Colleague: 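Before I ask anything, here is the structure I am working with.
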Amino acid sequence: MRLLIAGGAGYVGSALIPKLLDRGYSVDVVDLFWFGNHLPVEAGILNKDLFDTTVEDLKDYDQVVFLAGLSNDPMAEYSPSKNFVYNAAAPAYLAYIAKKAGVRRYIYASSCSIYGYTVNELYDETRPVSSSYPYGISKLQGEQAVMNLADDSFSVIALRKGTISGYSPRMRLDLIVNTMFRAAHCDGAITINNPAIWRPILAMDDAVSAYIRAIESHESVSGIFNVASGNYTVGEVGDLVKAELEEQIGAKVNLTIRHLQDFRNYKVSIEKAKNVLSFHPQHDVRGIVKQLIREKGKFSDWTNPAYYNIQVLRDIESGMTHPTLSRPAVVGR
Ligand SMILES: NC(=O)c1ccc[n+]([C@@H]2O[C@H](COP(=O)([O-])OP(=O)(O)OC[C@H]3O[C@@H](n4cnc5c(N)ncnc54)[C@H](O)[C@@H]3O)[C@@H](O)[C@H]2O)c1
């Protein structure tokens with residue numbers, strides 16, 4: 001099977017692609033390499049904007065996976081115009097040309113953030129979505145556009161992912177558990193802005209398995225699926241990060257609790273992904289922290305701007321060439 005992964009050089013793609021190669025798939029990546037290239041040399045590299053991909057370019061692929069775009073609220077708020085182009089128009093364009101090219105399946109990286117501010121009920125995929133901020137709106141627009149294209153010969157799967165955390169060769173330290181881990185490790189203190197807010201957390205290894213389950217699901221499967229390892233309040237996440245770090249490395253971690261307003265609050269049901277995709281998460285917050293402790297030697301240059309998406313975007317927008325963490329992107333397979 002030949003796969004094209006758009007945005008595959010990012011945090012999710014850099015963890016997913018080695019696993020896809022292990023399973024014997026042929027994998028190419030189209031990416032702008034904003035965060036450098038941390039992919040295995042076996043991955044084919046197309047160093048360009050996905051908007052420059054044509055129907056002809058996609059003719060040989062069986063499946064296309066969309067992992068590109070501006071991947072958090074601070075980036076979306078910083079450049080709303082780029083956000084709506086890359087998060088709404090880009091997935092729509094790529095799905096449209098993939099279908100024209102005869103690709104059989106398109107998998108879209110959606111987000112639970114489209115649920116917005118909910119009222120402490122468990123949301124399944126049939127519940128109303130209500131985000132009124134650029135990131136959530138654009139992820140929903142992208143999802144609606146690609147789902148419109150699904151039919152008997154073109155499967156479309158949207159994975160509404162919780163906030164991912166854990167290690168990836170392209171590391172991010174701007175995601176909830178990873179951020180708390182860095183703060184606890186470097187400052188001996190975690191600040192919780194609002195302990196009551198609910199968030200579905202997705203361990204990176206579970207995110208990778210969700211994509212594999214989607215890619216390998218029966219050709220008749222299309223649809224929208226919530227994927228998460230578990231639902232937690234932010235207060236509980238802080239307690240678990242603190243407890244695991246104190247137990248593993250014996251250092252005292254202080255908690256500072258604030259009560260600031262947040263515009264996202266949601267918990268989700270993953271029953272549909274379990275029943276249709278055979279997605280069964282294996283990890284929890286303490287497991288994520290254990291993995292981060294094991295791998296921390298690979299990202300302990302904690303202040304490296306490449307670990308913080310908003311810092312890289314600001315540099316790109318101001319015309320700076322960004323110093324990447326590893327070898328430069330190579331063009332061609
Ligand atoms: N990380 C999370 O917690 C999370 C949660 C839910 C949904 N998502 C979604 O999953 C996807 C992957 O997230 P991530 O954390 O790996 O993101 P990331 O920011 O680490 O990587 C995104 C990649 O896409 C590339 N890119 C962006 N626009 C492009 C374009 N037009 N053409 C080619 N390449 C382009 C960037 O260079 C980068 O390598 C995103 O769509 C994000 O919105 C992420």
Side-chain angles (χ1 to χ4, degrees), residues 4-17 28-39 43 45-53 57 64-76 79 82-94 107-115 131 134-143 146 158-166 168-179 199-204 206-208 210-211 225-229 264 266 268 288 306-313 316 322 324-326 329:
L4 178 71
I5 320 278
Y11 176 60
V12 176
S14 300
L16 171 64
I17 287 165
D28 290 342
V29 170
V30 57
D31 202 295
L32 287 165
F33 294 93
W34 287 339
F35 311 103
N37 181 1
H38 309 267
L39 295 167
I45 300 296
L46 304 153
N47 188 354
K48 61 181 179 182
D49 194 317
L50 66 86
F51 279 111
D52 296 326
T53 307
D57 294 333
V64 171
V65 180
F66 179 92
L67 298 176
L70 269 53
S71 49
N72 65 11
D73 284 293
M75 293 173 99
S79 181
K82 196 169 250 177
N83 170 69
F84 284 107
V85 173
Y86 282 180
N87 283 2
Y93 170 72
L94 194 65
I107 300 175
Y108 170 68
S110 190
S111 167
C112 287
S113 53
I114 67 175
Y115 289 117
S131 177
Y135 180 71
I137 297 169
S138 64
K139 293 305 286 184
L140 179 63
Q141 288 177 312
E143 184 186 283
V146 302
L159 299 177
R160 284 185 184 166
K161 292 174 294 187
T163 303
I164 307 176
S165 284
S168 163
R170 188 263 124 164
M171 194 51 183
R172 286 182 65 177
L173 292 177
D174 55 0
L175 295 156
I176 178 166
V177 181
N178 296 7
T179 302
R199 281 283 189 288
I201 305 290
L202 180 58
M204 179 56 91
D206 288 333
V208 166
Y211 279 96
F225 300 91
N226 291 336
V227 282
S229 303
R264 292 192 289 144
Y266 41 81
V268 300
I288 295 171
Y307 299 150
Y308 306 90
N309 278 20
I310 185 62
Q311 293 195 30
V312 174
L313 181 65
I316 291 170
H322 211 273
T324 55
L325 280 168
S326 69

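Just follow the structure's listing: the first ligand is 1, and inside any ligand the first atom is 1. Model, not experiment: these values are computed from the prediction.
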Colleague: Pick whichever of Val65, Asp31, Leu32, Leu16 has a heavy atom sitting closest to atom 36 (C) of ligand 1.
Modeller: Asp31

Colleague: Hey, looking at atom 40 (C) of ligand 1, which of Gly69, Ala68, Ala89 has the closest heavy atom?
Modeller: Ala68

Colleague: So, Ser14 side chain and Leu39 main chain: donor-acceptor pair closer than 3.5 Å or not?
Modeller: no

Colleague: Would you check if Leu32 and Tyr86 make a side-chain contact, meaning some heavy-atom pair closer than 4.5 Å?
Modeller: yes

Colleague: Output the distance between atom CZ (Phe84) and atom CD1 (Ile137), rounded to the nearest 0.5 Å.
Modeller: 4.5 Å

Colleague: Does the pair Arg160 and Ser113 meet the rule for a side-chain hydrogen bond (donor to acceptor under 3.5 Å, both in side chains), with working shown?
Modeller: CA-CA 8 Å; Arg160 284 185 184 166; Ser113 53; over 6 Å; no

Colleague: What residue and heavy atom of the protein are closest to atom 1 (N) of ligand 1, and at what distance?
Modeller: Arg172 NH1, 3.5 Å

Colleague: Taking side chain as C-beta onward, heavy atoms only, is Arg172 less than 4.5 Å from Tyr11?
Modeller: yes

Colleague: So for Gly8, does at least one of its heavy atoms come nearer than 4.0 angstrom to any atom of ligand 1?
Modeller: no

Colleague: Where is the nearest protein heavy atom to atom 20 (O) of ligand 1: which residue, which atom, and how far?
Modeller: Arg170 NH1, 2.7 Å

Colleague: Output yes when the distance from some N or O of ligand 1 to some N or O of Ser71 is under 3.5 Å, and no in every other case.
Modeller: yes

Colleague: Atom 3 (O) of ligand 1: which of Asn309, Asp174, Ile164, Leu39 has the nearest heavy atom?
Modeller: Ile164

